[in-house]
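Below: the structure, in structure tokens.
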There are 2 protein chains.
Amino acid sequence: MAETARQIADDLRVRIEAGEFPPGKRLPGEPALVKQYGVAKMTANGALKLLVNEGLAYSKPGSGTYVRDFQPLRRVANKRMARTGWSSGQSVWSPDLGRRDLVVADIRVNEVAAPRQVARALGLDSQDLVLVRSRRFLVDEKPVQLATTYYPASLVAGSAITQQNTGPGGAYARLAELGAEPVQFVEELRSRMPSGTEADLLALPAGTPVMEICRTAFTADGDRVEFNQMLLDAGSYVLEYHFTS
Amino acid sequence: MAETARQIADDLRVRIEAGEFPPGKRLPGEPALVKQYGVAKMTANGALKLLVNEGLAYSKPGSGTYVRDFQPLRRVANKRMARTGWSSGQSVWSPDLGRRDLVVADIRVNEVAAPRQVARALGLDSQDLVLVRSRRFLVDEKPVQLATTYYPASLVAGSAITQQNTGPGGAYARLAELGAEPVQFVEELRSRMPSGTEADLLALPAGTPVMEICRTAFTADGDRVEFNQMLLDAGSYVLEYHFTS
DNA sequence: CAGTGGTCTAGACCACAGC
DNA sequence: CTGTGGTCTAGACCACTGG
């Protein structure tokens, strides 16, 4: 009686966390909330929308509102260091991750003048040409990551990096053949809410942030040979970094 | 004329990105939108709420809705590696960050039985005691980070780590004196929307995600001596990682 | 087909800002 | 004090789901 949308949402949140509504379970619908709490339909809708915007639930129009479940992928930035023995600690999240396939789709390759940000990252002039490879990664048909990679065009001209299929070992193997093997990396990472376009491309439910990663790759000589801009569905990923200090 | 909330928000977003409304500028208010687009007040409110939930704007009740501006801090996980010459590439975001002071507040120290997650991370039994240090970091009076650090109680008993002030060089210097200097680290990172409590503690505007970092610290022998759980205001931080592979 | 979530309207009341 | 954002109501229409 005379509850507010926020209070109804709080109530439901408590019951979700208490396990009354396990992941995947349908929450009480708008008509039920209207009857139970004696509020208007719009208020009930607002309460559910709060939960959705918090990323706790998602709604299927015409069907219901359901508790979300998380099964994030684990992205280990530096695999080689991670393999050394000392880092054998247990994972904090998603320790029992089944191995799921990462499918690459929508590969596009073209050559453009270096955008400002890219030129600065790679140490180029803004008139210099860069090779752009963009692609989309899917897991179980669901997009989880957009990636756009830039290479100095003069460096990779004629190599398989300019093809859709970069060949065995991928782009890094080709760079190594060109005498420009990347061995050192810097990643800059932000998190924010997605734009509408980004939300569409990643098929993001409301209430899901994205993680934006800008990775610069260096050769042993300190030359910058790759700039990779990634956009991850934050609900689909746990990132892992290993380092010494 | 019969615009929907989403369309109005799209319109405003375009104009924001075009520079018509620079950061800090007040957006057209609800009454203005009602008149301009011929919609109901609730629709105008919904349009502005969309922008707020995207993190593009914030509203000051009684005053107006304003375009947000970002001035993130830069957190470099491994400072030592970052100092080496090869990583001298330009920063992608916030290149001209002024040096702002990170103030520590609300330090609480106590001893409890290890929570499950902590026990697993530190390789302890759940009956083992851990020393818990929790604190809040502020920049310009605004909270930007919550941190809770756990140490095996038997390791740090009697040291200054059990005090509010850990002394010169901080906790790591004390660990080094105990023969347990942390030199290797694993960080696991997630991003998600905050709970209501977390949003309050960090004074987060709506539409701001948090980044959750779990860091485990190892000695050269591979012993785990610290577990640090951090919660960052995503709008206030850019993270930077350096590594080889 | 009935039930669901999504959205809009028109009007109302409140708390707060800032003059 | 007036103007602002925040929220609620009661009723309406739509598109979609699922039996």
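Note that the coordinates shown come from a computational prediction; the quantities given were computed from them, not determined experimentally. Below, chains carry the letters A, B, ... as their sequence lines are ordered, and counting in each starts from 1. Values reported hereafter were calculated over all heavy atoms of this structure, with side chains retained and with hydrogens, waters and symmetry mates removed.
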Contacts to DNA chain C from residues 43-50 of chain A, heavy-atom cutoff under 4.0 Å, which residues?
-> A/Asn45, A/Lys49
Can you name the residues that form a side-chain contact (heavy atoms from CB on, under 4.5 Å) with A/Ala199, not counting sequence neighbours?
-> A/Pro194, A/Leu204
B/Leu33 CG to D/dG3 C1': how many Å, rounded?
-> 15 Å
Looking at residues at least two apart in the chain, or sitting in another chain, which of them share a ring-ring contact (aromatic ring centres under 6.0 Å, His included) with A/Tyr151?
-> none
Regarding A/Arg133 and A/Thr149, is there a side-chain donor-to-acceptor distance under 3.5 Å anywhere?
-> no
Do any side-chain nitrogens or oxygens of B/Ser59 fall under 4.0 Å of OP1 or OP2 in D/dG6?
-> yes
For B/Tyr37 and C/dC8, what is the distance between atoms OH and P respectively, to the nearest whole Å?
-> 14 Å
Look for any protein N or O under 3.5 Å of an N or O in nucleotides 10-14 of chain D and output each such pair with its distance, or none.
none

In whole angstrom, give the distance that lies between atom CD of A/Glu30 and atom P of D/dA15.
-> 17 Å
Global bending angle along the helix from C/dC1-D/dG18 to C/dG18-D/dC1, which compares the axes of five pairs at either end, to 10 degrees = 10°
The side chain of A/Arg6 lies closest to which of these nucleotides: C/dG5, D/dT7, D/dG5?
-> D/dT7
Pairs under 3.5 Å (N/O, protein and nucleotides 16-19 of chain D):
{"unit_1": "D/dT17", "atom_1": "O4'", "unit_2": "A/Gly62", "atom_2": "O", "d": "3.3"}

Please confirm whether the backbone N or O of B/Gly64 pairs with a side-chain atom of B/Ser59, one donor and one acceptor, at under 3.5 Å?
-> no
Please state whether the phosphate of D/dG5, meaning OP1 or OP2, lies under 4.0 angstrom from any side-chain nitrogen or oxygen of B/Arg26.
-> yes
B/Glu54: salt bridge (Lys or Arg N to Asp or Glu O under 4.0 Å) partners, not counting sequence neighbours | B/Arg13
Sequence neighbours excluded, every pair satisfying salt bridge (charged side-chain N to carboxylate O under 4.0 Å, His left out) that has a member inside residues 27-37 of chain B = B/Glu30-B/Lys41
Interatomic distance, B/Leu27 CG vs D/dG3 C1' [rounded to whole Å] | 17 Å
Tell me: OH of B/Tyr58 to P of D/dT4, nearest whole Å?
-> 17 Å
Would you please name every residue forming a ring-ring contact (aromatic ring centres under 6.0 Å, His included) with B/Tyr58, sequence neighbours left out?
-> B/Tyr66
Among all residues two or more places apart in sequence or in another chain, which pass the side chain to side chain donor-acceptor pair (under 3.5 Å) test with B/Arg192?
-> B/Glu198, B/Glu212
Does some side-chain heavy atom of B/Pro205 sit less than 4.5 Å from a side-chain heavy atom of B/Arg68?
-> yes
Answer yes or no: is there a donor N or O on one side and an acceptor on the other, between the side chain of B/Glu188 and the main chain of A/Val238, under 3.5 Å?
-> no
Check the side chains of A/Tyr237 and A/Gln145 for a donor-acceptor pair under 3.5 angstrom, ignoring hydrogens and angles.
-> yes
Under 4.0 Å: is that the gap between some side-chain N or O of B/Thr4 and OP1 or OP2 of C/dC8?
-> yes
Taking only residues two or more places apart in sequence, or in another chain, which ones meet B/Arg6 in a side-chain contact (heavy atoms from CB on, under 4.5 Å)?
-> B/Thr4, B/Asp10, B/Leu50
List for me each residue that meets side-chain contact (heavy atoms from CB on, under 4.5 Å) alongside A/Val132, sequence neighbours excluded, and say none if there are none.
-> A/Asn110, A/Val112, A/Val130, A/Thr148, A/Tyr150
N/O donor-acceptor pair under 3.5 Å between B/Arg215 side chain and B/Ile213 backbone = no
